[in-house]
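When a ligand or atom number is given, it counts from 1 through the structure's own listing order. Everything quoted here is computed from the prediction, not taken from an experiment.
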Amino acid sequence: MSAQRLKIAIQKSGRLSDDSLKLLESCGIQFARSKDKLFWYGRNMSVDLLLVRDDDIPRLLLDGVCDLGICGQNVTRECLLDRGEPGKALAAEVALGFGACRLALAIPEQQNFNSIQDLAGKRIATSYVGLTAEYLDKHAVQAGIVELSGSVEIAPSMGTADAIVDLVSTGTTLRANHLREVAEVMVSQAVLYSGTGQLDEASSKLKTRLIQRIQGVLKAKESKYVMLHAPKHAIQQIANILPAAEAPTVLKLDGQPDKVAMHTLCRETVFWEHLEELQAAGATAVLVLPVEKMLA
Ligand code: ATP
Ligand code: ZN
């Protein structure tokens with residue numbers, strides 16, 4: 001029997017595609033790309049990539065067809081509701097920080113709104129029927145749901161609905177369609193999920209390694225390596241200014257007995273304000289370097 005290959009599903013073409021692929025490639029996987037095919041072969045690792053519609057990813061994971069998948073939390077929850085499995089969840093391995101959006105309830109700009117109860121007896125257009133129904137149930141509101149597969153935002157002006165539930169990131173589309181957001185149904189981001197299928201030992205180890213690498217990539221993105229010169233008396237003060245810093249390496253400086261060099265890894269974003277505070281504490285020659293890879 002040939003060795004098992006880890007199957008990873010990502011969105012073929014859409015908002016999550018580029019970030020998903022970049023993330024996997026930054027873990028060291030090299031794919032033999034085939035232009036239109038659904039399937040890319042991992043050349044240097046025992047991994048196959050499936051490129052599919054994002055809505056199909058939770059299903060592929062739940063049915064054990066894929067072992068890892070990247071999709072939005074919104075799509076995952078909707079899929080579970082659609083399957084009549086509201087109590088179930090997919091194993092979320094890593095929240096990835098991209099694909100951030102919210103599922104918002106919006107109504108025509110001019111319309112009054114006091115509470116969600118105002119929607120009783122109204123028609124709400126959405127592509128997220130399960131999540132919308134769950135939200136209405138939670139608030140004990142009985143309203144009609146009009147299922148649309150796209151262009152939900154034009155439903156109120158077309159007269160096919162009184163309100164909408166749709167994904168929003170900046171809100172520009174809502175404003176352009178003279179809608180205003182009145183409630184948040186769900187917040188979402190892209191997540192790396194595990195499938196439910198059985199893995200042999202080698203694939204299981206590879207999966208764990210990939211998850212660790214992904215966590216490393218995300219940590220490295222935020223982290224910075226800071227190098228500076230500090231007056232000896234200010235070592236502690238300077239160490240306290242650096243955000244989420246590891247214990248610093250303190251080195252002698254040739255010919256400067258009152259000064260030291262400090263090197264430290266900061267696990268959170270280093271802002272200009274931090275640098276100005278460091279300078280005020282006596283730090284000089286401050287360098288902030290990006291971290292390319294990191295293994296926690
Ligand atoms: P597919 O053809 O794969 O089904 P799609 O049209 O359903 O594509 P996209 O518009 O690419 O999907 O959105 C994919 C995911 O990106 C959404 O499910 C959501 O999690 C996330 N997302 C982030 N911001 C937005 C936004 N402003 N509008 C829609 N989705 C967003
Ligand atoms: Zn989709």
Side-chain angles (χ1 to χ4, degrees), residues 7-24 33-40 49-63 65-66 68-83 86 89-107 124-135 145-156 161 163-195 214 218 221:
K7 292 193 183 53
I8 308 181
I10 64 168
Q11 190 185 24
K12 183 174 167 41
S13 155
R15 290 170 201 266
L16 308 179
S17 309
D18 289 349
D19 285 329
S20 303
L21 186 61
K22 235 189 285 162
L23 186 66
L24 296 176
R33 298 176 177 219
S34 54
K35 260 225 165 123
D36 286 321
K37 283 194 203 138
L38 278 177
F39 208 72
W40 290 6
L49 192 67
L50 271 82
L51 295 117
V52 294
R53 290 198 56 191
D54 67 338
D55 315 60
D56 294 333
I57 294 173
R59 246 168 263 284
L60 292 169
L61 294 167
L62 286 163
D63 295 342
V65 178
C66 286
L68 285 172
I70 296 176
C71 66
Q73 292 164 308
N74 57 314
V75 162
T76 302
R77 183 74 194 144
E78 183 67 30
C79 172
L80 289 164
L81 294 171
D82 185 51
R83 284 165 72 112
L90 269 173
E93 301 292 352
V94 193
L96 301 173
F98 58 83
C101 58
R102 55 194 188 278
L103 192 62
L105 173 69
I107 60 167
I124 304 171
T126 188
S127 308
Y128 292 91
V129 173
L131 284 164
T132 303
E134 187 182 48
Y135 182 77
I145 296 178
V146 181
E147 183 172 3
L148 297 178
S149 58
S151 306
V152 170
E153 65 282 357
I154 62 169
I164 68 164
V165 167
D166 203 9
L167 287 175
V168 179
S169 41
T170 58
T172 316
T173 311
L174 290 185
R175 281 192 294 279
N177 287 282
H178 305 290
L179 298 169
R180 75 182 166 105
E181 187 174 337
V182 290
E184 192 174 82
V185 176
M186 182 186 188
V187 288
S188 176
Q189 63 173 306
V191 167
L192 175 76
Y193 293 100
S194 261
I214 286 175
L218 296 181
K221 232 186 239 169

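- Judged by distance alone, the side chain of Q11 and the main-chain N or O of L16 form a donor-acceptor pair under 3.5 Å.
- Contact between L23 and L96 at its shortest, heavy atoms only, is CD2-CD2, 3.6 Å.
- A heavy-atom cutoff of 4.0 Å around ligand 1 is satisfied by the protein residues Q11, G14, R15, L16, R53, D54, D55, G72, N74, V75, G99, A100, C101, Y128, L167, V168, S169.
- Near the Zn ion (ligand 2), less than 2.8 Å away, sit the protein N, O or S atoms D54 OD1, D55 OD1.
- Listed here is the closest heavy atom pair of L179 and P156: CD2-CG, 3.8 Å.
- Heavy atoms of other residues, nucleotides or ligands lying less than 6.0 angstrom from CG of D63 number more than 12.
- Closest non-hydrogen pair, L51 versus L38, comes out as O-CD2, 2.5 Å.
- Residues forming a side chain to side chain contact (heavy atoms under 4.5 Å, CB included) with V146 (at least two apart in sequence, or on another chain): R123, A125, L148.
- To the nearest 0.5 Å, atoms CZ (F39) and CG (L49) are separated by 9.0 Å.
- A distance of 11.5 Å separates CD1 of I10 from CG of D54, quoted to the nearest 0.5 Å.
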Please tabulate, for the side chains in residues 70-79, all donor-acceptor contacts under 3.5 angstrom to protein atoms that are two or more places apart in sequence or on a different chain.
residue, atom, partner, partner atom, Å
Q73, OE1, Q189, N, 2.8
N74, OD1, S188, OG, 3.1
N74, ND2, Y128, OH, 3.1
T76, OG1, G72, O, 3.1
T76, OG1, Y193, OH, 3.4
R77, NH1, P86, O, 2.9
R77, NH2, P86, O, 3.3
R77, NH2, E134, OE2, 2.6
E78, OE1, G130, N, 3.4
E78, OE1, L131, N, 2.9
E78, OE2, V129, N, 3.3
E78, OE2, G130, N, 2.7

